[in-house]
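As a basis for the values below, the full set of heavy atoms in this structure was taken, side chains included, without hydrogen atoms, waters or symmetry mates. Please read all numbers here as calculations on a predicted model, not as lab measurements. Counting starts at 1 for both ligands and their atoms, following the listed order.
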Amino acid sequence: MAQNEIQITRPDDLHLHVRTGDALKSVVPDTARQFARAIIMPNLETPVTSVEQAGKYRQEILDAVPEGIDFEPLMTLYLTDNTSVETIKAAKDSGFIHGLKLYPAGATTNSDAGVTDVRNVYDVLETMQLVDLPLLVHGEVTDPVVDVFDRERLFIKEILAPLIERLPKLRIVMEHITTSDAVDFVMSASDKIAATITAHHLLMNRNAIFTGGVRPHHYCLPILKREEHRQALVKAATSGNPKFFLGTDSAPHAQGAKESDCGCAGMYTAYNAMELYTEVFDLNNSLGKLEGFASTYGAAFYHLPQSTDSITLQRQDWKIPASLPLGQEKVIPLRAGESCHWTLTNK
Ligand code: NCD
Ligand code: ZN
């Protein structure tokens, strides 16, 4: 008989964008309702590059958490060509910064201040290895002659593999992996190397960008890939291998910024994240593997204690609103106007 209810340790979202200001106030409650903690991405318009900025940003997030909910933002710093060894040491000492994010310059939203060449930051990465602070990578090359669907595969070969060879003890999370190449690479690497997987890359292949016309709300980076890659991701996520864990990469953009002649990259999945992930695990007859992926492996990789709280999901359809408020604007959540087949009961 099909399982109609599942209770798991309160999960963690190990890759999340919450923006700032009024938009932040709109989206933080969606995550805080479901997750115990979230790794907060530092790609604000003014990137979060110092411990002081991260401390202020952390407080802004905490102030937006609804009363009566326990939610801990796990902060990161944005790695630039100018990040100093002193900043790494201060980040480690802060106790609230859990990693540094490497964006190849120009790879995605607000990445202009990113690293222009990894060789520029090798001394800083050596210090991170020494103090044991994780590096989180957006794994795509930015060379404009490289096809957008091949950027992750080439990043692994040209940048990640040599980096790991040079710094074998550095903990690295390859963020939002999208290809079987990334799955294979992470599986064959040491236990210092892990990866986050989004709900949208588990649920959709690249046809979803073009179903019946151009679908701007299905455009994100790294871009959706072929079905064979989606299947490899599902297999990895539901395998019970602790190297793969939950990171939504929920990335809210105002409706107008998406539905435009040059629409922004990013999908808003925070609103129904756990319902979407549960659907994937259910469809693949592996609900028993959900807790490890969502609540256990990420915390272990980041050396965090397990959450003592739990959440419950029931097999029950509910309709996702056509839009949600994002400050004074609107954001279109994934599955807008359609149904999710699992419901979080203790929202
Ligand atoms: C993210 C964003 O909008 O901040 N967009 C996305 O498509 N995932 C940036 C990122 O994680 O690449
Ligand atoms: Zn992201």
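Here's the thing with Thr109: one of its N/O atoms is less than 3.5 angstrom from an N/O atom of ligand 1. The distance criterion of under 3.5 Å between nitrogen or oxygen atoms is met by Ala265 with respect to ligand 1. Some N or O of Gly266 is nearer than 3.5 Å to an N or O of ligand 1, by distance alone.
Under a 4.0 Å heavy-atom criterion, Lys101 is not in contact with ligand 1. Taking 4.0 Å as the cut-off, Glu175 does not count as a neighbour of ligand 1 on heavy-atom distance. Put simply, no part of Met267 is less than 4.0 Å from ligand 1, judged by heavy atoms.
The protein heavy-atom contact nearest to atom 7 (O) of ligand 1 is Leu221 N, 2.8 Å. Nearest protein heavy-atom neighbour of atom 8 (N) of ligand 1: Asp249 OD2, 2.7 Å. For atom 10 (C) of ligand 1, the closest heavy atom belonging to the protein is Thr108 OG1, 3.5 Å.
Using a 4.0 Å cut-off between charged side-chain N and carboxylate O, Lys56 and Glu52 make a salt bridge. One finds a salt bridge joining Asp132 and Arg171 here, because a Lys/Arg side-chain nitrogen approaches an Asp/Glu carboxylate oxygen to under 4.0 Å. A salt bridge links Glu279 to Arg335: at least one charged side-chain nitrogen sits closer than 4.0 Å to a carboxylate oxygen.
Of all atoms in ligand 1, numbered sequentially from 1 with element shown, those under 4.0 Å from a heavy atom of His138 are 12 (O). Less than 4.0 angstrom separates some heavy atom of Cys220 from each of these atoms of ligand 1: 7 (O). Close contacts of ligand 1 with His176, meaning ligand atoms under 4.0 Å from a residue heavy atom, involve 11 (O). For ligand 1 and Ala251, the ligand atoms under 4.0 Å from any heavy atom of the residue are 1 (C), 2 (C), 3 (O), 5 (N). Proximity to His15 (heavy-atom distance under 4.0 Å) selects the following atoms of ligand 1: 11 (O).
Summarising the geometry, atom NE2 belonging to His98 is positioned 11.0 Å from atom CG belonging to Leu77; distances are rounded to the nearest 0.5 Å.
Remark: Arg166 is positioned above the aromatic ring of Tyr122, its terminal NZ or CZ atom under 6.0 angstrom from the ring centre and at most 45 degrees off the axis. Under the 6.0 Å distance and 45° angle rule, Arg206 counts as a cation-pi partner of Phe149.
Summarising the geometry of Leu133 relative to Ile97, their closest heavy-atom pair is CD1-O, 3.7 Å, with the distance given to 0.1 Å.
The side chain of Asn43, and not its backbone, has at least one atom closer than 4.0 Å to an atom of ligand 1 (non-hydrogen atoms only; side chain from C-beta on). Contacts with ligand 1 closer than 4.0 Å are made by no heavy atom of Glu140, backbone or side chain.
Centred on the Zn ion (ligand 2), the OD1 atom of Asp249 and the NE2 atom of His15 lie at an angle of 90°, reported to 10°.
The Zn ion (ligand 2) has no N, O or S atom of His138 closer than 2.8 Å.
Inspection of the Lys225 and Thr178 side chains reveals an N or O donor paired with an N or O acceptor under 3.5 Å.
Between His176 and His201, the distance from one ring center to the other does not fall under 6.0 angstrom.
Side chain of Asn241 to main chain of Met187: no donor-acceptor pair is present (N/O by atom type, distance under 3.5 Å, no hydrogens or angles).
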Applying ring pair (Phe, Tyr, Trp, His ring centres under 6.0 Å) to Phe244 and Tyr297, what does each step give before you reach the verdict?
CA-CA 7 Å; Phe244 301 101; Tyr297 307 150; 9.5 Å; no
